[in-house]
K.L.:
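One structure is given below, represented as structure tokens, and several questions about it will come after.
The structure displayed is predicted, hence computed values, not measured ones.
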Amino acid sequence: RARLVSIKTAVQRIVQITKKLASVREDSGKLDVKKNEISGRTQTYKLLYAAGSDEDFSILNHFMKNIVQCEMTKSDTLAQTLDQLSGSDFDLIFTDNLLPDGTGLELVSRLKRMRSDIPVILTLERQEASTGPEAVAKGAFTYFIKEEITTGNILSVMQNTLQKAKIIRDIEDARNRITMIARKDYLTRLYNRRCFEQALEAEILKSKRYNTELSVLVIDFDNFSEVNRAYGYDSGDTILATSAALIQTMVRKTDVVCR
């Protein structure tokens, strides 16, 4: 019953988040957002801009400094952008489409393959405007035209992008929770019997294919029912959960522990 309640709660959460996502629009109109208060956050934003020129970086940096408290880092190439992402946590990425060693579309595709959840905004020249919808289709959050940049519209773009990114992360968290509930034992957080059977079948096939040995270790607590009768089911549950956590620390990453 507790498992069903948890699944129902997670599903309701996804529905609520999806409705909220639908309410976020790029053309949200006039915004009443004060400096440093985007998405309810007051700390400094870390921004990365893969800029095709120093001039473009200076212009966007100037606008952003007037909107929010932020630190904007410049990268000159696609490769440098990926290197910087591997070493730092950024809240938002701006990228020109044309870079010396690639394009903004390539960056979006690479980040999608890396399962990065950092939102990307494409900054385009007016003659590149047709690239915008393609970039969004490939995973960019949105785009804007450099010649049309103003304090108002860049604020609108940034606010909506950060809101969407947070909502999407919330949806992913709720989905992961449903997956965890469906695949893991509610008490011990070990994989359940269904996962055990699937894993065992896969390991048997692998053992036959590569002619390797397969081992299954079965652990049982003797007279555990007497523990429950003597000390109560809550104590028995504590023993099971603690034992499961201990076993998890003793196995390899490739081992599958189930209940």
K.L.:
Under the 6.0 Å and 45° cation-pi test, does Arg189 pair with Tyr186?
P.N.:
yes
K.L.:
Taking the six-membered ring for Trp, are Tyr49 and Phe94 parallel (under 30°), tilted (30 to 60°) or perpendicular (over 60°)?
P.N.:
perpendicular
K.L.:
Find out whether Thr238 and Leu240 are in side-chain contact, i.e. whether some heavy atom of one side chain is under 4.5 Å from a heavy atom of the other.
P.N.:
no
K.L.:
Assess whether side-chain contact (heavy atoms from CB on, under 4.5 Å) is satisfied between Arg110 and Leu82, documenting all intermediate values.
P.N.:
CA-CA 9 Å; Arg110 291 281 292 274; Leu82 295 172; 3.0 Å; yes
K.L.:
Is Lys166 salt-bridged to Asp170, going by a charged N under 4.0 Å from an acidic O?
P.N.:
yes
K.L.:
When rounded to the nearest 0.5 angstrom, what distance separates CG in Leu92 from SG in Cys70?
P.N.:
10.0 Å
K.L.:
Please report the C-alpha distance between Leu47 and Met64 in whole Å, then the side-chain angles of each, then the deciding distance to 0.1 Å, and finally whether the side-chain contact (heavy atoms from CB on, under 4.5 Å) criterion is met.
P.N.:
CA-CA 9 Å; Leu47 312 177; Met64 297 309 303; 3.8 Å; yes
K.L.:
Would Ile121 and Val157 count as a side-chain contact (heavy atoms from CB on, under 4.5 Å) if you check the C-alpha gap in whole Å, the side-chain angles of each, and the deciding distance to 0.1 Å?
P.N.:
CA-CA 9 Å; Ile121 298 175; Val157 167; 3.6 Å; yes
K.L.:
Does Val120 belong to the same Ile/Leu/Val/Met/Phe/Trp/Tyr cluster as Ile118, with side-chain heavy atoms less than 4.5 Å apart forming each link?
P.N.:
yes
K.L.:
Taking Leu187 as the starting point, is it possible to reach Ile239 by hopping between hydrophobic residues whose side chains are less than 4.5 Å apart?
P.N.:
yes
K.L.:
Out of curiosity, Asp117 CG to Arg115 CZ, how far, rounded to the nearest 0.5 Å?
P.N.:
12.0 Å
K.L.:
To the nearest 0.5 Å, tell me how far Thr123 OG1 sits from Asn97 CG.
P.N.:
8.5 Å
K.L.:
If every non-hydrogen atom of Lys112 is compared with every non-hydrogen atom of Lys138, which pair is closest and at what distance?
P.N.:
CD-O, 3.6 Å
K.L.:
State, without any angle test, whether Asp83 and Ser86 hold a side-chain donor-acceptor pair at a distance under 3.5 Å.
P.N.:
no
K.L.:
Which heavy atom in Leu85 sits nearest to a heavy atom in Phe90, and how many Å separate them?
P.N.:
CD2-CD1, 3.8 Å
K.L.:
Taking all non-hydrogen atoms of both residues into account, name the closest pair between Phe144 and Ile149 and its distance.
P.N.:
CE1-CD1, 4.1 Å
K.L.:
Taking all non-hydrogen atoms of both residues into account, name the closest pair between Glu213 and Ser207 and its distance.
P.N.:
C-OG, 4.1 Å
K.L.:
Considering only heavy atoms from C-beta outward, does the side chain of Thr73 approach that of Gln84 to under 4.5 Å?
P.N.:
yes
K.L.:
If you measure from CD1 on Ile168 to CG on Asp173, what distance do you get to the nearest 0.5 Å?
P.N.:
12.0 Å
K.L.:
Any donor-acceptor pair under 3.5 Å linking the side-chain atoms of Asp56 with those of Ser53?
P.N.:
yes
K.L.:
Which pairs with one or both residues in residues 239-253 pass side-chain hydrogen bond (donor to acceptor under 3.5 Å, both in side chains), sequence neighbours excluded?
P.N.:
Arg252-Asp255
K.L.:
Relative to Phe141, does Lys164 satisfy both conditions: NZ or CZ under 6.0 angstrom from the six-membered ring centre, and within 45 degrees of the ring's axis?
P.N.:
no
K.L.:
Look at the side-chain heavy atoms of Ile, Leu, Val, Met, Phe, Trp and Tyr, link any pair under 4.5 Å apart, and say whether Val136 and Ile93 land in one connected group.
P.N.:
yes
K.L.:
Does a side-chain heavy-atom distance below 4.5 Å link Ser75 with Leu48?
P.N.:
yes
K.L.:
Check whether any side-chain heavy atom of Met158 lies under 4.5 Å from a side-chain heavy atom of Tyr45, and answer yes or no.
P.N.:
yes
K.L.:
Working note: Thr150 + Asn153, criterion side chain to side chain donor-acceptor pair (under 3.5 Å); need CA distance, chi angles, decisive distance, verdict.
P.N.:
CA-CA 5 Å; Thr150 66; Asn153 61 29; 3.2 Å; yes
K.L.:
So, using ring pair (Phe, Tyr, Trp, His ring centres under 6.0 Å) as the criterion, who are the partners of Tyr231 when residues are at least two apart?
P.N.:
none
K.L.:
If hydrophobic clusters are built by linking Ile, Leu, Val, Met, Phe, Trp and Tyr wherever their side-chain heavy atoms come under 4.5 Å apart, do Ile219 and Val257 end up in the same one?
P.N.:
yes
K.L.:
Show the nearest heavy-atom pair for residues Thr103 and Leu78, with the distance to one decimal.
P.N.:
O-CD1, 4.5 Å
K.L.:
Counting only heavy atoms from other residues, nucleotides and ligands, does the tally under 6.0 Å from CZ of Arg169 exceed 12?
P.N.:
yes
K.L.:
Looking at CG of Asn228 and CG of Asn223, how far apart are the two atoms once the value is rounded to the nearest 0.5 Å?
P.N.:
11.5 Å
K.L.:
Looking at Ala79, is its backbone amide N or carbonyl O close enough to the side chain of Asp101 to form a donor-acceptor pair, meaning the two atoms are under 3.5 Å apart?
P.N.:
yes
K.L.:
Can you name the nearest heavy-atom pair linking Ala244 to Thr188, along with the distance?
P.N.:
CB-CB, 3.6 Å
K.L.:
Start with the C-alpha gap between Tyr191 and Arg259, add the side-chain angles, then the distance that decides, and say whether side-chain contact (heavy atoms from CB on, under 4.5 Å) holds.
P.N.:
CA-CA 6 Å; Tyr191 288 108; Arg259 183 188 181 198; over 6 Å; no
K.L.:
Could you give the side-chain donor-acceptor pairs of residues 196-206 under 3.5 Å, partners two or more places apart or in another chain?
P.N.:
| from | atom 1 | to | atom 2 | distance (Å) |
| --- | --- | --- | --- | --- |
| Glu197 | OE2 | Arg193 | NE | 3.1 |

K.L.:
Take atom CD of Glu147 as the centre, draw a 6.0 Å sphere, and report whether it contains more than 12 heavy atoms from other residues, nucleotides or ligands.
P.N.:
yes
K.L.:
What distance separates Thr161 OG1 from Gln159 CD, expressed to the nearest 0.5 Å?
P.N.:
10.0 Å
K.L.:
Would Glu71 and Thr44 count as a side chain to side chain donor-acceptor pair (under 3.5 Å) here? Give the steps.
P.N.:
CA-CA 7 Å; Glu71 296 177 0; Thr44 300; 5.3 Å; no
K.L.:
Is there a path of hydrophobic side-chain contacts, each under 4.5 Å between heavy atoms of I, L, V, M, F, W or Y residues, that connects Val68 with Leu60?
P.N.:
yes
